[in-house]
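Report on one structure; see the data block that follows.
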Amino acid sequence: MAAATPAAMSTENERNPWLAAAARFDEAALRLNLDDGMQKVLRSASREICVNIPVQLDDGRIEVFTGYRVQHSLARGPAKGGIRFAPDVTLDEVRALAAWMTWKCAVVNIPFGGGKGGVICDPNVLSDAELEKLTRRYTAEIIDFLGPERDVPAPDINTNEKIMAWMMDTYSMHARHLVTAVVTGKPMALGGSRGRPEATGRGCMIVTLRALRLLGMRPEDTRVVIQGFGNVGGMAAKLMSAAGFKVVAIADYDGTVYNPKGLDIPALQKHRKETGSITGFSEGEDVDKAEGLFLPCDVLVPAAVENVITSANADKLRCKILCEGANGPTTPLADLVLHDKNIFIIPDILANAGGVTVSYFEWVQDRQGFFWNEQMVNERLQEIMVESFDAVVDYGAKHGVNNRIAAYMLALDRVAFAIKLRGIYA
Ligand code: NAD
């Protein structure tokens with residue numbers, strides 16, 4: 001592997017996801033020999049919307065929240081990407097997540113561009129009524145840029161199908177008719193797709209199985225550690241454990257639970273439902289929360305937030321395969337360490353693409369008004385994830401680059417080709 005670009009070596013990108021995304025972009029663009037003009041187009045977001053959202057709280061006070069929607073690329077189709085509600089949302093984070101969506105949709109070759117949204121708020125302190133008002137006003141503020149042909153949001157951290165239903169209803173009230181295809185990740189009763197809640201975790205499992213096959217490993221001998229027990233991590237844990245993997249640890253915000261013989265995931269889910277925490281589980285041992293990522297395992301699935309594997313801790317990882325369920329969990333500097341440790345990385349823009357793939361299926365079903373059964377969804381997901389995994393690994397072998405840069409190169413190439421065919425409208 002050739003030396004990394006100077007941007008990849010900067011420690012600043014260990015804190016700022018946009019700089020991390022840009023460093024990977026620069027490296028892939030350099031290797032692809034993309035001309036300067038095309039690099040400028042692909043590096044910048046098409047549109048960045050910032051809105052201030054007034055909400056009357058339950059006690060009568062008015063609070064103003066700041067929200068963003070970034071549409072990174074519309075070259076291959078409508079912008080596609082989740083909405084995040086969190087106190088630490090920043091424009092640079094949303095920018096990075098939007099760009100990752102462009103590359104992700106191109107890696108799995110579905111006809112979408114990339115977008116992402118975020119609202120700076122703490123949903124844990126908002127009542128349901130306040131959350132609904134915030135969601136509806138945010139949707140109304142960005143409504144001119146949304147639509148099945150323009151931009152199709154989905155859930156992300158701290159947003160869920162209930163919030164998607166409010167977004168869809170707000171959009172539909174303005175359109176004066178029901179428009180289910182404006183968001184994905186909706187409840188089944190409102191045009192949601194079978195298999196969507198499991199899709200990202202299922203996709204992680206499919207690509208991990210493919211990596212095992214490549215490395216001559218078997219699921220029943222494979223120990224898995226998962227960080228994050230939400231939509232992605234919880235589903236990955238459930239499906240992998242049902243498929244025979246030994247899920248030995250779950251690390252979440254409130255602690256890490258460990259059982260070297262394998263955790264009973266449905267029982268842990270029940271325990272968390274009853275107690276509100278994964279800690280204190282009778283069939284596992286509580287270990288230091290910070291140590292979760294460094295427990296011995298074969299597969300590590302970070303499925304929580306960005307920048308958890310950095311130059312400061314990458315050397316402590318004890319896995320053979322890193323399957324990135326979260327977006328941006330590993331910094332460019334950490335990549336260099338993992339390369340030296342010979343860890344097989346399944347990069348985020350491939351590993352967690354199962355979610356957007358089934359979101360695409362949902363959009364297709366909504367537009368056709370014809371709904372598929374779960375088997376059909378899962379089979380088509382399997383086909384796309386396997387094809388995409390193989391395409392990335394083959395591309396890497398052909399060009400002598402690691403999986404991450406291979407995924408970026410494949411994606412950039414596809415998006416650049418679409419832009420070339422369309423031309424620059426003047
Ligand atoms: P979620 O809110 O359902 O779950 C996040 C989980 O991570 C929670 O259990 C939370 O307690 C935990 N967590 C948060 N900060 C943590 C920390 N510092 N250490 C340990 N645990 C922590 O969110 P999600 O939808 O599962 O998304 C997780 C990640 O996957 C995000 O990076 C998201 O962008 C990405 N992703 C999600 C989807 C999807 O379909 N939901 C698709 C692709 C990528």
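All ligand and atom numbering here is 1-based and tracks the order in the structure.
- Looking at Arg404 and Glu324, a side-chain N of the basic residue comes within less than 4.0 Å of a carboxylate O on the acidic one, giving a salt bridge.
- Taking every heavy atom of both residues into account, Arg367 and Ala181 meet most closely at CG-CB, 3.9 Å.
- By the 3.5 Å distance cut-off applied to N or O atoms, Val232 is counted among the residues near ligand 1.
- The nearest protein atom to atom 39 (C) of ligand 1, hydrogens excluded, is given as Thr200 OG1, 3.5 Å; this is a heavy-atom distance.
- Those atoms of ligand 1 that come under 4.0 Å of a heavy atom in Asn352, given as number and element, are 43 (C), 44 (C).
- Taking every non-hydrogen atom of Arg196 and a distance limit under 4.0 Å, the qualifying atoms of ligand 1 come out as 40 (O).
- At least one heavy atom of Arg84 sits closer than 4.0 Å to an atom of ligand 1.
- Donor-acceptor pairing under 3.5 Å is recorded for the side chains of Ser359 and Thr184.
- Remark: the Ser277 side chain and the Thr279 side chain contain an N/O donor-acceptor pair separated by less than 3.5 Å.
- Taking only non-hydrogen atoms, the option from Asn231, Asp252, Thr159, Asp156 nearest to atom 8 (C) of ligand 1 is Asp252.
- Among protein heavy atoms, the minimum distance from atom 19 (N) of ligand 1 is reached at Gln227 NE2, 3.6 Å.
- Of the heavy atoms in Ala303, only backbone atoms (N, CA, C, O) come closer than 4.0 Å to ligand 1.
- Electrostatic pairing of Glu63 and Lys133 does not count as a salt bridge here, judged by no charged N lying under 4.0 Å from a carboxylate O.
- Side chain to side chain, Glu14 and Thr331 meet the donor-acceptor criterion of an N or O pair below 3.5 Å.
- Using a cutoff of 4.0 Å between basic side-chain nitrogens and carboxylate oxygens, Arg150 and Asp144 are not scored as salt-bridged.
- Atoms of ligand 1 lying under 4.0 Å from at least one heavy atom of Asn158, given by number and element, are 2 (O).
- Between Arg196 and Glu161 there is no salt bridge, since none of the side-chain N atoms of the basic residue sits less than 4.0 Å from a carboxylate O of the acidic one.
- Of the listed options Gly230, Ala326, Ala304, Ala304 places a heavy atom closest to atom 28 (C) of ligand 1.
- Contact check on Asp348 versus Lys104 returns no salt bridge, with no Lys/Arg side-chain nitrogen under 4.0 Å from an Asp/Glu carboxylate oxygen.
- At a 3.5 angstrom cut-off on N or O pairs, Asn327 counts as close to ligand 1.
- When only non-hydrogen protein atoms are considered, atom 23 (O) of ligand 1 lies nearest to Ile157 CG1, 3.7 Å.
- Using a 4.0 Å cut-off between heavy atoms, Glu306 makes no contact with ligand 1 at all.
- Scanning the protein for heavy atoms near atom 14 (C) of ligand 1, the closest one is Tyr253 CD1, 3.9 Å.
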